[in-house]
Each structure stands twice: as structure tokens, then as C-alpha cells.
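Heads up: the structure comes next, in C-alpha cells.
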Amino acid sequence: MLKHPQCRAARALLDWTQRDLAERTSISAVSIRAFEKGGDMRESNLRLLTLTFEAAGIIFQADGEVTEGGIGVRLRSSIDDA
């Protein structure tokens with residue numbers, strides 16, 4: 001499930017503001033801001049955020065998935081790689 005540091009990192013990779021993400025998902029910017037500061041978010045909204053980011057080319061990595069360490073985020077080199 002999407003973690004708040006991944007949300008911030010994904011937005012940074014895409015050069016999206018919290019308002020940009022809010023407009024793309026219809027989740028309020030206030031809710032996104034609270035989540036990114038460590039607050040809770042409904043599971044359905046977390047799925048929506050994840051799907052929105054993945055459609056834009058973001059790949060999420062789980063803890064230790066590719067290299068040792070924590071969770072991660074990367075940008076697909078091409079949308080065609082999906």
C-alpha cells in the first residue's frame with residue numbers, strides 16, 4: 001500500500017503540486033497534505049492515488065524489492081514499458 005513518503009516522491013518525480021494531484025484524483029488537497037505529513041487516508045483513496053501515479057509512469061517498490069533498503073519510487077523510462 002502507498003506510503004506517505006512515496007506519495008511525496010512520486011509527485012516530485014512528476015513535478016506535480018498537491019493541487020495538481022488533487023485535481024487528477026478529486027481527493028482534496030487538504031487530505032493529500034495531511035496524508036503526506038503522516039496522516040491516515042482511506043484505502044480506496046490510496047488505491048486511487050496509486051493508480052493515478054502508475055498511469056503517469058510511476059513504479060512503486062516495496063521494502064527490499066529491488067535493492068536492500070526501504071520503500072522506493074522510480075519513473076518508468078517510457079510509458080510504453082508498462
Side-chain angles (χ1 to χ4, degrees):
M1 193 58 57
L2 181 69
K3 306 291 186 200
H4 62 275
Q6 289 175 305
C7 188
R8 287 192 310 267
R11 278 194 315 98
L13 285 171
L14 296 168
D15 196 26
W16 288 358
T17 64
Q18 290 174 339
R19 182 165 302 281
D20 293 333
L21 182 56
E23 289 172 1
R24 285 171 168 84
T25 60
S26 296
I27 297 171
S28 75
V30 170
S31 294
I32 291 168
R33 186 174 309 112
F35 172 65
E36 289 187 350
K37 287 184 175 187
D40 292 329
M41 183 170 281
R42 286 185 296 204
E43 192 171 321
S44 59
N45 284 345
L46 291 174
R47 281 193 303 271
L48 178 57
L49 289 172
T50 300
L51 291 172
T52 300
F53 283 134
E54 289 175 343
I58 294 294
I59 298 170
F60 294 102
Q61 297 168 237
D63 186 14
E65 185 175 27
V66 175
T67 60
E68 294 202 25
I71 59 175
V73 176
R74 68 183 186 95
L75 188 59
R76 247 189 345 256
S77 59
S78 168
I79 299 299
D80 296 334
D81 290 347

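Applying the side chain to side chain donor-acceptor pair (under 3.5 Å) definition to pairs two or more places apart or across chains, those involving residues 21-30 are Ser28-Ser31. Each salt bridge (Lys or Arg N to Asp or Glu O under 4.0 Å) pair with one or both residues in residues 27-39, not counting sequence neighbours, appears once here: Arg11-Glu36.
In this pair, Trp16 and Phe53 present their aromatic rings parallel. The plane angle is below 30°, not in the 30 to 60° band.
Residues Leu2 and Met41 are not in side-chain contact: their nearest non-hydrogen atoms beyond the backbone lie 4.5 Å or more apart.
Here Ala9 pairs with Val73 under the side-chain contact (heavy atoms from CB on, under 4.5 Å) rule; sequence neighbours left out. Remark: Arg47 engages Glu43 in a salt bridge (charged side-chain N to carboxylate O under 4.0 Å, His left out) (not counting sequence neighbours). With sequence neighbours left out, Asp20 forms a side-chain hydrogen bond (donor to acceptor under 3.5 Å, both in side chains) with Thr17.
The distance from atom CG of Leu46 to atom NZ of Lys3, rounded to the nearest 0.5 Å, is 9.0 Å. The distance from the CZ atom of Arg19 to the CD1 atom of Ile32 is 10.0 Å, given to the nearest 0.5 Å. Leu21 CG to Thr52 OG1: the interatomic distance, rounded to the nearest 0.5 Å, is 7.0 Å. Atom CE of Met1 is separated from atom CG of Leu49 by 10.5 Å, given to the nearest 0.5 angstrom.
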### Task
I would like to know whether Phe35 and Asn45 meet side chain to side chain contact (heavy atoms under 4.5 Å, CB included); could you show each step before the answer?
CA-CA 11 Å; Phe35 172 65; Asn45 284 345; over 6 Å; no
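Here the shortest heavy-atom pairing between Ala29 and Ala22 reads N-CB, 3.6 Å.
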